[in-house]
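As the structure lists them, so they are numbered: ligands from 1, and atoms in each ligand from 1.
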Amino acid sequence: MTGKLSIADKKQLEHYIQAGPKQFGLLYSFTRDGADVSIFHELCDEKGPTVTVIYDTQCTVYGGFTEKSWTSNCESFFKDDQAFLFRLYQKGKSNSMKFPVKNPDNAIYCSYNNGPIFGGRYEEKSVPRIRGRLVVHRIAGGYDVNTFSGTILVENNQFTLNGEFNFGSAYDMGSCSIEQFCNNIKTVTDLEVYSVSDTSLLPPWRELGGWNHQNLEDLKNEIDAWSPPHGTGLKTANILFLGPVGAGKSSFFNTISSIFRGHVTGQAVCGSAEQSITSTYRMYRVRGSALTKTMKFRLCDTRGIEENQGMDGAELNYLFEGNVPNGYQFNPSTPITPDTTGFVASPTLNHKMHCVCFIIDGSTASVMSEKMLEKIKALQSKVRQKGLPQVVLVTKIDKVCSNVEEDVSKVFQSVAVQELVDTVSNIFGVPRSHVLPVKNYEKEINVRDDVSLLALHSLQQILRASEDFMFNLLDMLDDEKDESLD
Ligand SMILES: Nc1nc2c(ncn2[C@@H]2O[C@H](COP(=O)(O)OP(=O)(O)OP(=O)(O)O)[C@@H](O)[C@H]2O)c(=O)[nH]1
Ligand SMILES: [Mg+2]
């Protein structure tokens with residue numbers, strides 16, 4: 001179990017912590033380990049920097065970060081000038097804020113009988129003693145966030161925190177009220193504690209064969225020279241892009257086109273909107289390095305899949321079979337039929353699709369809605385029925401790992417990208433070798449060797465998957481020939 005924080009949430013926290021790329025490891029969770037203070041200490045004590053995250057029943061998500069270890073060896077405040085409280089979501093809507101510590105001496109309070117406590121102060125209390133004398137005691141209290149003590153029982157999948165909130169004691173809450181911070185309710189669905197450490201790079205978990213300029217030129221030449229296997233009669237490999245709105249389908253075509261044109265191009269319209277930006281079916285050709293002739297593959301860009309509408313089964317079948325004309329205007333309310341102008345009534349093998357490339361956004365892959373997952377599964381089963389190979393291109397890896405954002409050649413050393421590839425391989429039920437992480441050109445003006453190499457490497461894998469289909473085809477043709485000789 002990796003916890004409930006999404007990649008985007010971790011990036012937000014990483015940005016608040018302000019000390020370079022971070023790795024988050026789930027140490028403790030109410031739902032996984034039980035809401036019991038002794039278990040909290042067993043799993044979280046002496047673990048260095050941690051982030052505590054509380055998920056309340058109104059979908060507000062908030063918590064605190066400290067560089068100091070939790071401990072149950074003493075009852076004391078600990079100094080931490082890097083500590084802060086934060087809110088990530090308010091009533092389900094992304095609304096993040098950081099609340100820095102204003103009294104670092106009292107940043108956290110550790111006690112064997114309490115879970116995480118952020119902030120607070122010593123209060124002086126006079127206690128009467130024998131012979132009428134008053135003794136002044138310093139007692140800790142007024143905690144900004146005191147999460148829980150003892151054991152909390154779960155009821156209807158909810159926990160009721162038994163600590164108290166006195167925001168503003170040691171943390172600067174600005175004008176944020178307790179209601180705005182955490183709805184002032186104590187019912188929560190989970191409390192998680194993550195360890196926070198500097199991101200370490202792994203030894204490469206996938207080899208690419210070099211990241212220098214010559215490697216890129218070699219790969220460009222290889223792809224430029226690629227052609228469908230002899231004997232199939234095919235002129236090009238047709239690769240169908242399918243994926244949710246905004247996943248980066250059109251951007252991937254632009255990225256490939258940019259590599260061969262030598263600068264970042266925007267032939268396919270890209271952007272962000274609730275509905276698909278791409279409304280026209282395009283079978284894009286890409287010109288090779290010399291820009292005189294097109295290469296022997298076509299990248300077929302489609303309208304994005306939406307949760308509540310999108311391609312119907314018949315339309316998808318027409319796409320697979322090559323009935324849909326290049327330039328066809330998608331219309332979700334009236335899908336294509338044989339009566340549509342330009343409908344390719346008798347497609348040949350050269351019109352059909354030879355490989356399906358699912359394209360998904362890596363920064364949101366692990367939090368895709370159930371509805372979207374169902375849609376994708378339904379599409380996958382149609383792809384399988386057709387006997388078409390499928391690969392999954394995972395875009396926006398620059399948003400997943402800061403090391404990769406800086407230098408794409410670190411992609412196969414990144415823990416975050418490795419976890420992402422594992423997750424996507426599980427979701428799609430495809431081998432990890434068919435999950436291809438990429439970063440598209442998006443903010444850049446000039447092409448970069450690291451970005452180009454990774455994108456071309458992915459394209460090479462896609463062409464190899466198309467070849468699998470084509471070799472099956474050759475086998476079938478050979479079988480037919482043999483049978484006709486019998
Ligand atoms: N940071 C980053 N942004 C990307 C990447 N790929 C695409 N984008 C951005 O994501 C947004 C959507 O990209 P598109 O290529 O239009 O996505 P699409 O899948 O074609 O979307 P529809 O046509 O609407 O279905 C654009 O703003 C792109 O600039 C990437 O690898 N990294
Ligand atoms: Mg598009």
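The aromatic rings of Phe24 and Tyr194 sit perpendicular, their planes meeting at an angle over 60°, well past the 30° parallel limit. Using a 30° and 60° split on the angle between ring planes, Phe30 and Phe159 fall in the tilted class, from 30° to 60°.
The nearest non-hydrogen atom to atom 11 (C) of ligand 1, considering only Gly362, Gly248, Gly271, comes from Gly271. Nearest-residue assignment for atom 13 (O) of ligand 1 (options Ser251, Ser279, Ala268; heavy-atom criterion): Ser251.
When each of Trp70, Phe99, Phe181, Tyr62 is checked for a ring-ring contact (aromatic ring centres under 6.0 Å, His included) with Phe118, only Trp70 meets the rule.
The OG atom of Ser276 sits 10.0 Å away from the CD1 atom of Ile305 when rounded to the nearest 0.5 Å.
In terms of polar-atom proximity, defined here as any N/O pair under 3.5 Å, Ser250 does make such a contact with ligand 1. For Lys399, no nitrogen or oxygen atom sits less than 3.5 Å from a nitrogen or oxygen atom of ligand 1, counting backbone and side chain alike. Annotation: Gly246 places an N or O atom under 3.5 Å from an N or O atom of ligand 1; distance criterion only. Among the atoms of Lys249, some N or O lies under 3.5 angstrom from an N or O of ligand 1. Between Asp398 and ligand 1, a contact under 3.5 Å exists for at least one N or O pair. Checked by distance only, ligand 1 and Gly304 come closer than 3.5 Å through their nitrogen or oxygen atoms. Where the criterion is an N or O separation shorter than 3.5 Å, residue side chain and backbone included, Ala247 meets it with respect to ligand 1. Of the N or O atoms in Ile397, none lie within a sub-3.5 Å distance of an N or O in ligand 1.
For ligand 1, the atoms closer than 4.0 angstrom to any heavy atom of Ser272 are 11 (C), 27 (O). Atoms of ligand 1 lying under 4.0 Å from any heavy atom of Lys439, numbered from 1 in the order shown and given with element: 31 (O).
Around the Mg ion (ligand 2), protein atoms of type N, O or S found under 2.8 Å number 2.
A salt bridge links Glu217 with Lys220: the closest approach of a Lys/Arg side-chain nitrogen to an acidic carboxylate oxygen falls below 4.0 angstrom. Electrostatic pairing of Glu444 and Lys439 counts as a salt bridge here, judged by a charged N lying under 4.0 Å from a carboxylate O. By the 4.0 Å N-to-carboxylate-O rule, Lys386 lies close enough to Glu321 to be salt-bridged with it. Comment: Glu405 engages Lys11 in a salt bridge, judged by a side-chain N to carboxylate O separation of less than 4.0 angstrom.
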Inset, instruction - Report the C-alpha separation of Phe253 and Tyr284 in whole Å, then their side-chain angles, then the decisive distance to 0.1 Å, and conclude whether the ring pair (Phe, Tyr, Trp, His ring centres under 6.0 Å) test is met. - result: CA-CA 8 Å; Phe253 158 70; Tyr284 288 110; 3.9 Å; yes
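For the pair Lys382 and Phe320, the cation-pi criterion (under 6.0 Å, within 45° of the ring axis) is not fulfilled. For the pair Lys249 and Phe241, the cation-pi test (distance below 6.0 Å, angle within 45°) is failed.
Residue-ligand proximity: Gly243 is placed with every non-hydrogen atom at 4.0 Å or more from ligand 1.
Looking only at protein heavy atoms, the nearest one to atom 24 (O) of ligand 1 is Ile277 N, 2.6 Å. The nearest protein atom to atom 31 (O) of ligand 1, hydrogens excluded, is given as Asn440 N, 2.8 Å; this is a heavy-atom distance. Given atom 22 (P) of ligand 1, the protein heavy atom at minimum distance is Ser276 OG, 3.4 Å.
Considering only heavy atoms from C-beta on, Val188 stays 4.5 Å or farther from Tyr55 through its side chain.
When all heavy atoms of Val451 and Val408 are compared, the closest pair comes out as CG2-CG2, 3.9 Å.
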